[in-house]
There are 2 protein chains.
Amino acid sequence: MNKKQAQSEQTRKKISDAARSLFVQKGYKATSIEDIVAATGSSKGNIYYHFKSKEGLFSYLLHEWDRDWLEKWQARLPSYATATAKMYGLAEQIVREDLNHPLTRAADEFFSNDEQKSEIEEKMNTMMQEHLLFNRQLIQEGVDGGEFSGEQIEQKALVLEGIIVGMSRVCRNQPLEQVLKHYQFAIDTFLHGIAAGPQQS
Amino acid sequence: MNKKQAQSEQTRKKISDAARSLFVQKGYKATSIEDIVAATGSSKGNIYYHFKSKEGLFSYLLHEWDRDWLEKWQARLPSYATATAKMYGLAEQIVREDLNHPLTRAADEFFSNDEQKSEIEEKMNTMMQEHLLFNRQLIQEGVDGGEFSGEQIEQKALVLEGIIVGMSRVCRNQPLEQVLKHYQFAIDTFLHGIAAGPQQS
DNA sequence: CTCGATACTGAACGTTTGTTCAGTATTGTA
DNA sequence: TACAATACTGAACAAACGTTCAGTATCGAG
């Protein structure tokens with residue numbers, strides 16, 4: 001409401017927008033505070049006035065993204081009739097929203113540094129657990145609806161997560177339309193497999 | 001044959017062994033030359049006498065690993081009768097040999113730095129292409145043997161690669177036996193899918 | 001207008017890191 | 001033994017980076 005508060009909020013947004021765009025382009029480590037300074041016109045000190053640290057800034061972006069993603073998903077949810085349709089819808093949203101997201105690029109970096117028990121690593125473990133829960137519920141829904149077979153839901157949720165994560169890396173640097181097709185095919189495979197005959201153990 | 005040459009080779013091995021172990025533990029960036037110095041007892045200069053740079057050292061390890069992997073695979077190959085069996089065998093070897101390997105950890109780091117067109121990034125793109133070729137041949141074999149259905153082999157190879165890559169990240173920090181089960185289940189799913197009814201498009 | 005709080009500046013700091021190089025030790029050869 | 005090639009040392013260098021802080025500008029309340 002204050003002119004001062006408005007300015008402050010605007011600056012905060014300017015910094016986070018620029019930072020997000022840079023993290024997306026270059027990854028976490030490769031993006032320096034100096035880069036953000038150059039992109040915003042703000043000073044180094046000002047960034048540290050608004051955010052606790054580089055990690056804090058990144059963490060803020062992750063949290064923001066987390067919220068937005070769920071919002072979008074819940075907005076689309078009513079348009080899917082079956083769990084199968086939801087699964088294809090899930091793949092599409094992931095490709096469209098997450099494939100070029102800070103997390104997707106920077107997650108790799110943090111996963112490989114086991115020395116630092118940073119808050120970001122913890123955040124990502126939490127998100128992974130949430131993903132598994134999400135997948136489990138989705139699969140359970142399909143089971144209840146008679147679409148999927150009902151054993152070993154836990155394991156299936158894990159494999160689905162693996163597919164989603166793995167495809168994002170395999171598809172890197174490919175055009176969006178192609179990636180969409182690949183993900184769709186991956187879900188196809190997840191649902192029906194590649195074996196020739198009828199289902200067998 | 002010379003005492004000098006033998007010493008040199010031994011030193012080279014001592015450095016690369018220590019470096020591999022450190023890269024495995026800490027990842028590429030988190031492992032400093034200083035760490036390797038501390039682990040070997042050699043001097044900094046000596047490391048640079050034997051290896052062109054840190055990247056050169058890592059690249060050497062990658063190459064070495066590449067060779068060993070193929071050797072082991074080809075040694076096991078005769079014991080698999082069908083393409084299906086090979087696929088489960090592939091999953092097992094990957095879990096046992098690669099899951100804690102420098103590449104698996106450090107690949108993540110290099111994939112997220114798009115600024116540097118390092119020789120390592122190129123090497124990894126090459127390896128990815130080789131993997132796809134490998135997968136394609138494996139699937140083709142199964143198709144020829146009547147085990148798998150024969151369409152869209154290219155796409156299936158990509159999904160298989162995605163599953164393998166993705167599962168490695170999803171399974172991180174889990175005990176080996178569990179990881180083996182997860183991979184096995186992933187291959188199960190890849191082959192048969194989770195859908196309830198018979199195959200449908 | 002005044003004073004305190006808030007917003008912002010940018011030079012300086014400390015640390016880390018990969019790399020170099022002048023110099024020393026060791027070994028093979030003539 | 002003498003000399004050159006090879007193997008090795010470690011102090012020094014330079015660049016990059018995140019972070020701090022003393023100081024300045026701007027704004028709102030009293």
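Labels below follow one simple rule: chain letters A, B, ... track the order of the sequence lines, proteins then strands, and each chain is numbered from 1.
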Q: With the side chain counted from C-beta on, respond yes when Ile187(A) and Leu160(A) share a heavy-atom pair under 4.5 Å apart, and no when they do not.
A: yes
Q. Between Arg12(A) and Tyr60(A), is NZ or CZ placed under 6.0 angstrom from the six-membered ring centre and within 45° of the ring axis?
A. yes
Q.
Using a heavy-atom cut-off of 4.0 Å across all strands, would you classify Thr40(A) as base, sugar-phosphate, or nothing?
A. nothing
Using whole Å, report how far [atom1] of [X] lies from [atom2] of [N].
X	N	atom1	atom2	value
Phe51(B)	dC8(D)	CZ	C1'	15 Å
Ile36(A)	dC8(C)	CD1	P	16 Å
Tyr28(A)	dC17(D)	OH	P	13 Å
Glu34(B)	dA12(D)	CD	P	15 Å
Gln5(B)	dT26(C)	CD	P	19 Å
Leu57(B)	dT19(C)	CG	C1'	14 Å
Ile33(A)	dA11(C)	CD1	C1'	17 Å
Gln10(B)	dT27(C)	CD	P	12 Å

Which of these nucleotides, [options], is closest to any side-chain atom of [X]?
X	options	value
Ser8(A)	dA7(C), dT9(D), dG18(D)	dA7(C)
Ser43(B)	dG10(D), dC8(C), dC17(D)	dG10(D)
Tyr48(A)	dA7(C), dG18(C), dT19(D)	dT19(D)
Lys44(A)	dC8(D), dT20(C), dA11(C)	dA11(C)
Lys54(B)	dG18(C), dT6(C), dT9(D)	dG18(C)

Q) So, Gln129(B) and Asn125(B): side-chain donor and acceptor under 3.5 Å apart, yes or no? A) no
Q.
Whether the Ser43(B) and Asn46(B) side chains hold a donor-acceptor pair (N or O, under 3.5 Å, no angle test) is what I'd like checked.
A. no
Q | 5′-ward residue of the pair Thr31(A)/Gly45(A) relative to DNA chain D | A | Thr31(A)
Q) Is Asp17(A) paired with Arg20(A) through a side-chain N to carboxylate O contact shorter than 4.0 Å? A) yes
Q) Is any side-chain N or O of Tyr49(B) closer than 4.0 Å to OP1 or OP2 of dA7(D)? A) yes
Q. So does Asn46(A) get a side-chain nitrogen or oxygen closer than 4.0 Å to the phosphate oxygens (OP1/OP2) of dA7(C)?
A. no
